[in-house]
Amino acid sequence: MKNTAIAKIFQDIADLLELKGEIVFKIRAYQRAARAIEHLPREIAVILREGGSLRDIPGVGEAIEKKTTELVNTGKLQYYEELRSEFPPGITTLLEVPGVGPKTAMRLTTELGVNTIEDLEKALLDGRVAGLFRMGEKTAENIKHALAALRRKDQRIPIGEALPLVEQIQSVLSTVPGVKNIIAAGSLRRFRETVGDIDMMGTADDPEKVIQAFVRLPMVGQVLAQGTTKATVLVAGGLQVDLRLVEHQNFGSLLQYFTGSKQHNIALRTRAQRQGLSLSEYGITDVRSGQIETFATEEDYYKRLGLQYIPPELREDTGEIEKAEKGQLPGLVELSDIKGDLHAHTEWSDGNGSIEDMAVAAKARGYQYLAITDHSAGRGIAHGLSVERLKQQIAEVRAVEEKVGIRLFTGMEVDIRSDGTLDAPEEMLSQVDLVVAAVHSAMSQDQDKMTQRMIKAMESPHVDILAHPTCRLLGEREPISVDIEAIYRAALNNYTALEINAMPSRLDLKDIHAYRAREMGVKLVIGTDSHRPEHLGYMRFGVGVARRAWCRAEDILNTMPLVEVEAFLRRGK
DNA sequence: GCCGTTTTCGGCCCGACTGTTTTCAGTCG
C-alpha cells in the first residue's frame with residue numbers, strides 16, 4: 001500500500017472521529033500522522049520491509065504504528081472498517097463543502113437523512129436545511145453558494161500557471177505610489193507544485209488606493225469582498241486571490257503566518273509555548289508580561305525564537321524546526337547557482353527554435369553551457385534524428401558554439417524501449433557528448449518490468465541522465481508504476497544523474513522523490529526540457545522543487561562549472 | 001493519540017468571522 005493511500009485512510013479516520021464527536025486532540029493526532037505520512041520521502045512499505053521503525057516519523061506513536069503495519073501487511077484496517085460501518089457511506093464528502101463542519105454534517109444526516117452532496121442540494125432547495133434549529137435562511141444560503149463554488153471550481157492549479165499570474169499582479173500593483181511590498185504568501189511561496197488559492201500581502205502608505213487598483217486588474221472576473229485593507233477576487237478559472245495590506249512593522253509576522261504551512265506554524269507555536277511565548281499573526285507575546293513584540297521581517301521573527309531563518313520551501317514540519325534550532329539547515333540551491341541546462345530541444349526534432357536561438361538564449365541567461373538533446377528516431381516521436389541527420393547536427397552545433405561563444409554539448413534524448421534497450425544505434429550514442437534517456441511509451445507496464453527496463457537503460461555506458469523518471473503529467477497522467485528506490489540505487493551504482501524535469505507540467509522527480517534521492521547520494525540535475533528559447537526560463541520551477549528537496553548547490557550537477565561537468569561526462573562509467 | 005530541559009500523566013496553537021443567539025457554537029485558515 002502506498003503512502004498516499006495510507007494517509008488518505010488516516011485523514012478519513014480523523015473525519016469520522018470528528019463526526020463522532022471525539023476529543024479534538026485525538027482527531028489532530030490522526031491528521032498530523034496523515035500529513036506526515038503523505039510527505040514522507042520514502043514508502044512506508046519499504047521502510048517496514050527493511051526492518052525500519054515508523055516511530056521516527058513525527059506524530060506516529062504506538063497506536064498509529066500498529067495500525068499502519070496492519071494496513072501495509074493486510075491491505076485493510078479493522079479499526080477503520082468498524083468506524084466506517086457506524087456512519088452512512090459518503091458522509092465525509094459533506095465535510096468538503098465549505099461552511100459544513102462535523103456538527104452540521106451530523107445534524108444533516110440524523111435529522112434530515114442527508115448523506116450525499118446530492119441529498120444536501122435537495123434539502124437546501126426545499127428549505128429543510130434552513131428549518132433546522134439554530135440554522136436559518138442565511139446559513140442555508142451560504143452553504144448553497146459554497147456548494148455552487150465547489151462545483152465550479154477547478155482543481156488546484158499548477159504553480160507554472162499561478163506564478164506568472166502573481167507576477168502580473170505584482171508588476172501592476174508595485175507601480176501604485178507608496179507601495180513598499182507586494183508578495184505572495186501561502187503554498188505558492190512555499191513552492192508547492194499546485195496551489196488552491198493565492199494569498200498576497202503588502203505594505204503601502206495608502207492601502208485603499210492599492211485595493212482599488214487590485215479590484216480593477218484586467219484579469220479580475222468577480223470581486224467577492226472589498227474593504228479598506230483587504231479584498232478578495234476571483235480570476236479566470238475561478239481561482240481566488242486575496243490581497244491584504246498591513247502596517248509595515250507587522251509585515252514579518254504576518255508574512256510568516258500566511259506563508260504556513262499550517263503544520264509548520266502549529267509546530268512552531270507548540271515549541272514557543274514551552275518558552276513562555278505565544279505566537280500569532282501580530283507578533284510574539286511574552287505570556288507572563290503580556291508584552292507583544294512586532295516584526296518587520298521574517299528573519300527577525302525566527303531569530304527571536306532562537307531559530308535559524310527557515311526558507312519557505314522547507315516549512316512543512318518535516319524536521320526543519322529541529323535543524324534550525326541547531327543551526328544545521330542546509331544552504332539551499334539558488335537559481336543564480338545554475339550554470340547551464342542539460343536538456344533542450346531544437347527544430348531538429350520537435351522543438352521550435354534553431355540551435356543558434358537556443359544558444360543565444362542560454363548565453364543571455366549567463367550560462368556557461370547548454371546541451372542540445374533532440375529526440376532519437378523512435379516511434380511516436382516527431383522528426384527523430386537519423387544517423388545522417390545527427391552527423392549534420394553535430395557539425396552545426398560546433399559551428400554555432402564558435403559563433404555564439406558558449407559551450408554546447410552535443411546530445412540526444414533517447415527513448416527507452418519497452419525491453420530496456422535504447423532507441424538509437426551504438427554509432428549514434430558514441431558520437432555525442434551527452435545522452436539523456438527517458439521512457440515515452442508503454443507506460444502501463446507492471447512495476448517489475450518497468451523497473452528492470454529503466455535500470456537496464458541506466459546500465460548502458462552511454463546514458464548520463466535519466467529524464468523525468470516517473471513520467472507523470474500534473475493533473476493529466478499518473479506516474480508510471482516503478483520501484484523508485486531501486487531506481488535511486490541504480491542511479492548511484494551506474495553514475496547516472498536523475499533529472500528534476502523543470503517543465504511546470506512535469507516537475508519530475510517531485511519534491512519528496514528528489515529529497516530521498518539526494519539523501520542517498522544520487523547526483524541530481526535540473527533540466528528544462530525546453531522546446532523553445534523562452535522555456536529555458538522554466539529553470540526556476542526546477543530549482544523550487546530542488547529547494548523543497550533540501551538540495552544544496554553541490555547536489556545539482558548543473559550548478560557545477562564547465563570543467564566539472566565535462567569531467568562528469570568523461571567519468572568512464 | 002502523541003509526547004516530554006515543566007511532565008510516563010496531563011497537557012495539547014491562535015485568532016477571526018458569522019449567524020443566531022442573548023453569551024456563544026461552529027467553522028475556517
Side-chain angles (χ1 to χ4, degrees), chain A residues 10-11 13-37 54-68 79 83 94-108 129-143 145-146 149-150 185-187 190 195-199 201 224-225 227 229-230 232 240 242 244 250 253-254 256-285 287-288 292 305-306 317 321-322 325-326:
Chain A
F10 285 135
Q11 180 54 52
I13 288 175
D15 284 346
L16 291 168
L17 291 176
E18 213 170 3
L19 290 168
K20 207 173 168 178
E22 260 291 356
I23 54 161
V24 288
F25 306 110
K26 191 164 167 177
I27 295 161
R28 257 190 231 147
Y30 277 104
Q31 285 170 336
R32 184 172 186 224
R35 276 195 66 93
I37 288 169
L54 304 181
R55 298 292 283 276
D56 300 332
I57 303 168
V60 176
E62 196 183 338
I64 292 185
E65 180 186 42
K66 202 155 157 260
K67 289 186 172 75
T68 309
Y79 175 74
L83 196 57
L94 294 178
L95 297 174
E96 288 165 23
V97 183
V100 177
K103 296 287 189 291
T104 310
M106 266 323 266
R107 291 186 56 203
L108 288 170
V129 174
L132 287 173
F133 177 68
R134 250 184 169 276
M135 306 263 289
E137 286 298 335
K138 201 106 183 202
T139 307
E141 200 59 29
N142 285 344
I143 295 177
H145 278 135
L150 190 70
S187 48
R190 300 201 311 280
V195 302
D197 58 10
I198 295 175
D199 275 312
M201 339 217 1
L224 294 181
T229 61
K230 185 179 177 266
T232 301
Q240 182 172 319
D242 284 357
R244 180 183 325 253
N250 281 333
S253 349
L254 267 137
Q256 196 288 323
Y257 176 79
F258 282 105
T259 296
S261 67
K262 189 176 171 184
Q263 294 299 321
H264 172 82
N265 285 353
I266 289 174
L268 211 57
R269 285 186 212 124
T270 306
R271 176 180 175 277
Q273 216 176 30
R274 292 199 293 270
Q275 303 170 307
L277 301 172
S278 171
L279 310 184
S280 78
E281 54 265 52
Y282 302 112
I284 299 179
T285 309
V287 174
R288 242 185 317 169
I292 185 162
L305 295 172
D317 188 25
I321 296 173
E322 292 75 7
E325 228 161 38
K326 297 180 197 145

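In what follows, chains carry the letters A, B, and so on, assigned in the order in which the sequence lines appear, proteins first and then strands, with residues in each chain numbered from 1.
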Rounded to whole Å, NZ of A:Lys67 lies from P of B:dC2 at a distance of 8 Å
Once base and sugar-phosphate atoms are separated, protein heavy atoms under 4.0 Å mark nucleotides 19-29 of chain B, 5' to 3', with B, S and - as SSS----SSSB
Checking side-chain polar atoms at under 3.5 Å, does A:Gln256 have a donor or acceptor matched by the opposite partner on A:Asn265? yes
Atom OH of A:Tyr30 and atom C1' of B:dC12 are separated, to the nearest Å, by 17 Å
Task: Spacing of the C1' atoms in B:dC2 and B:dT8 (rounded, Å) - done: 12 Å
Rounded to whole Å, the NZ-P distance (A:Lys26 to B:dC2) equals 10 Å
Heavy-atom nearest pair, A:Ala185 first then A:Met201, reads CB-CG, 4.1 Å
| message | Work out how far the P atom of B:dT21 is from that of B:dA25, and round it to whole angstrom. | response | 14 Å
Between CG of A:Asp242 and P of B:dA16 the distance, given in whole Å, is 17 Å
C1' gap between B:dG1 and B:dT5, integer Å: 24 Å
Atom CG of A:Asp56 and atom P of B:dC3 are separated, to the nearest Å, by 11 Å
Using a 4.0 Å heavy-atom cut-off across all strands, classify A:Ile266 as base, sugar-phosphate, or nothing.
base
Separation of B:dG4 atom C1' from A:Phe25 atom CZ, nearest Å, is 16 Å
Ring-plane angle category for A:Tyr30 and A:Tyr79, please: parallel below 30°, perpendicular beyond 60°, tilted otherwise.
parallel
Applied to residues 130-139 of chain A, the salt bridge (charged side-chain N to carboxylate O under 4.0 Å, His left out) test, sequence neighbours excluded, yields none
Taken to the nearest whole Å, CG/A:Leu277 to P/B:dT6 is 13 Å
Dot-bracket for DNA chain B, 5' to 3', Watson-Crick and G-U pairs with both distances under 3.5 Å, [ ] for crossing pairs, | for partner on another strand, reads ((((....)))).((((((....))))))
Between A:Ser187 and the options A:Asp197, A:Asp199, A:Val195, A:Thr259, the side-chain contact (heavy atoms from CB on, under 4.5 Å) test singles out A:Val195
Considering just the side-chain nitrogens and oxygens of A:Gln273, establish if one lies under 4.0 Å of OP1 or OP2 belonging to B:dG11. no
Quick note, A:Arg274 side chain, CB onward, closest among B:dA16, B:dT6, B:dC2 is B:dT6
Atom CG of A:Leu268 and atom P of B:dG15 are separated, to the nearest Å, by 14 Å
Between B:dG15 and B:dT20, how far apart are the P atoms? Round to whole Å, please. 27 Å
